[in-house]
Amino acid sequence: MLTEREKMTNGDPYKQFDPELQARRKYIRKELQKINAYDDNIKSNEHLAKLFGDCGKNLFIETGIEFDYGYNIHIGDEFYANYHLTLLDTCPITIGNHCYFGPDVGLYTPVHPLDPKQRLADVELGKPITIGNNCWMGGHVTILPGVTLGDNVVVGAGSVVTKSFGDNVVIVGNPAKVIKTID
């Protein structure tokens with residue numbers, strides 16, 4: 001029988017008020033308060049790396065990061081994120097190598113049911129997000145559940161990415177669409 005954590009990570013319906021999940025969210029909130037209060041980026045990023053599922057070399061995230069669990073976050077080498085990064089990691093969030101995120105970027109894996117009866121029953125589930133290598137995101141970009149972006153993707157500021165895109169494109173808008181391909 002699967003635990004609620006395993007169901008959640010798999011994208012299956014799970015109980016968000018499960019004691020293990022609640023305890024982890026509480027622990028992460030306390031750790032993030034410490035991390036976001038540090039005045040030393042090296043110290044804060046070393047602390048963050050220990051909370052993630054895995055993390056490559058040269059992680060650099062400015063202050064103001066928020067996430068739920070941490071163990072579902074997987075970041076490659078040479079990652080930079082500006083202020084106020086939000087990673088809602090009910091399902092895995094995988095970010096490739098050499099990715100740069102502007103301020104106020106949000107990656108959201110939770111999916112809330114459309115059926116009001118399921119919402120009243122607190123049914124929760126999610127879909128993973130995967131970001132390829134060498135992707136750049138402008139400020140205030142939102143990535144929705146289930147999105148996969150290929151390598152070398154540029155997402156314009158303020159865009160809301162509602163579907164997946166392949167390699168070598170510039171996408172902008174709400175919903176985001178391809179405005180240019182990159183050679």
Side-chain angles (χ1 to χ4, degrees), residues 1-38 41-97 99-113 118-119 121-132 135 137 140-149 160-162 164:
M1 187 157 156
L2 295 176
T3 66
E4 294 305 307
R5 174 182 170 176
E6 290 168 329
K7 291 177 195 175
M8 177 187 75
T9 299
N10 291 341
D12 298 329
Y14 70 96
K15 296 176 183 162
Q16 67 173 324
F17 298 113
D18 172 72
E20 176 191 2
L21 296 178
Q22 285 184 308
R24 179 64 180 193
R25 289 191 304 266
K26 183 178 179 180
Y27 168 74
I28 290 297
R29 277 193 300 276
K30 287 180 179 180
E31 294 303 301
L32 289 174
Q33 285 177 344
K34 294 177 203 171
I35 289 167
N36 287 322
Y38 291 148
N41 281 100
I42 293 170
K43 186 176 179 181
S44 68
N45 285 289
E46 286 173 353
H47 194 153
L48 275 172
K50 293 175 186 172
L51 298 175
F52 292 155
D54 56 272
C55 178
K57 299 178 299 190
N58 299 322
L59 173 75
F60 196 100
I61 299 174
E62 299 288 358
T63 59
I65 185 168
E66 299 290 337
F67 53 89
D68 292 318
Y69 302 99
Y71 47 64
N72 282 332
I73 298 171
H74 310 280
I75 299 178
D77 295 338
E78 309 294 334
F79 178 75
Y80 173 82
N82 212 313
Y83 299 101
H84 308 122
L85 175 64
T86 302
L87 303 169
L88 299 186
D89 65 318
T90 58
C91 277
I93 294 174
T94 305
I95 300 169
N97 297 320
C99 291
Y100 287 11
F101 289 10
D104 299 305
V105 168
L107 281 66
Y108 308 132
T109 65
V111 175
H112 301 287
Q118 287 183 316
R119 287 196 309 271
D122 287 322
V123 172
E124 294 280 329
L125 54 126
K127 294 181 183 177
I129 293 173
T130 303
I131 308 297
C135 291
M137 295 188 195
H140 299 275
V141 165
T142 300
I143 308 291
L144 296 183
V147 167
T148 295
L149 297 180
V160 178
V161 184
T162 61
S164 297

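The closest donor-acceptor contact from the side chain of Glu4 to the backbone of Lys15 lies under 3.5 Å. Thr86 places no side-chain N or O within 3.5 Å of a backbone atom of Gly106 that could act as its donor or acceptor partner. A donor-acceptor pair is defined here as one N or O able to donate and one able to accept, closer than 3.5 Å; such a pair exists between the side chain of Arg25 and the backbone of Gln16.
Separating the CD1 atom in Ile73 from the CG atom in Leu88 is a distance of 9.0 Å, to the nearest 0.5 Å. With rounding to the nearest 0.5 Å, the separation of CG in Leu32 from CG in Leu48 is 7.0 Å. Atoms CG and CG, from Asp12 and Leu2 in turn, are 7.0 Å apart once rounded to the nearest 0.5 Å. Distance CD1/Ile28 to CG/Asp89: 8.0 Å, rounded to 0.5 Å.
Inspection of the Thr109 and Thr90 side chains reveals an N or O donor paired with an N or O acceptor under 3.5 Å. One side chain, Asn58 or Glu78, offers a donor N or O that lies under 3.5 Å from an acceptor on the other.
With respect to Glu66, the side chain to side chain contact (heavy atoms under 4.5 Å, CB included) criterion is satisfied by exactly one of Leu87, Asn36, Leu85: Asn36.
Shown here are the ring-ring contact (aromatic ring centres under 6.0 Å, His included) partners of Tyr38, two or more places apart in sequence or in another chain: His47. In this view, Tyr108 satisfies the ring-ring contact (aromatic ring centres under 6.0 Å, His included) rule with no residue, not counting sequence neighbours.
Ring geometry for Phe52 against Phe67 counts as tilted: the plane angle lies between 30° and 60°, on a 0 to 90° scale.
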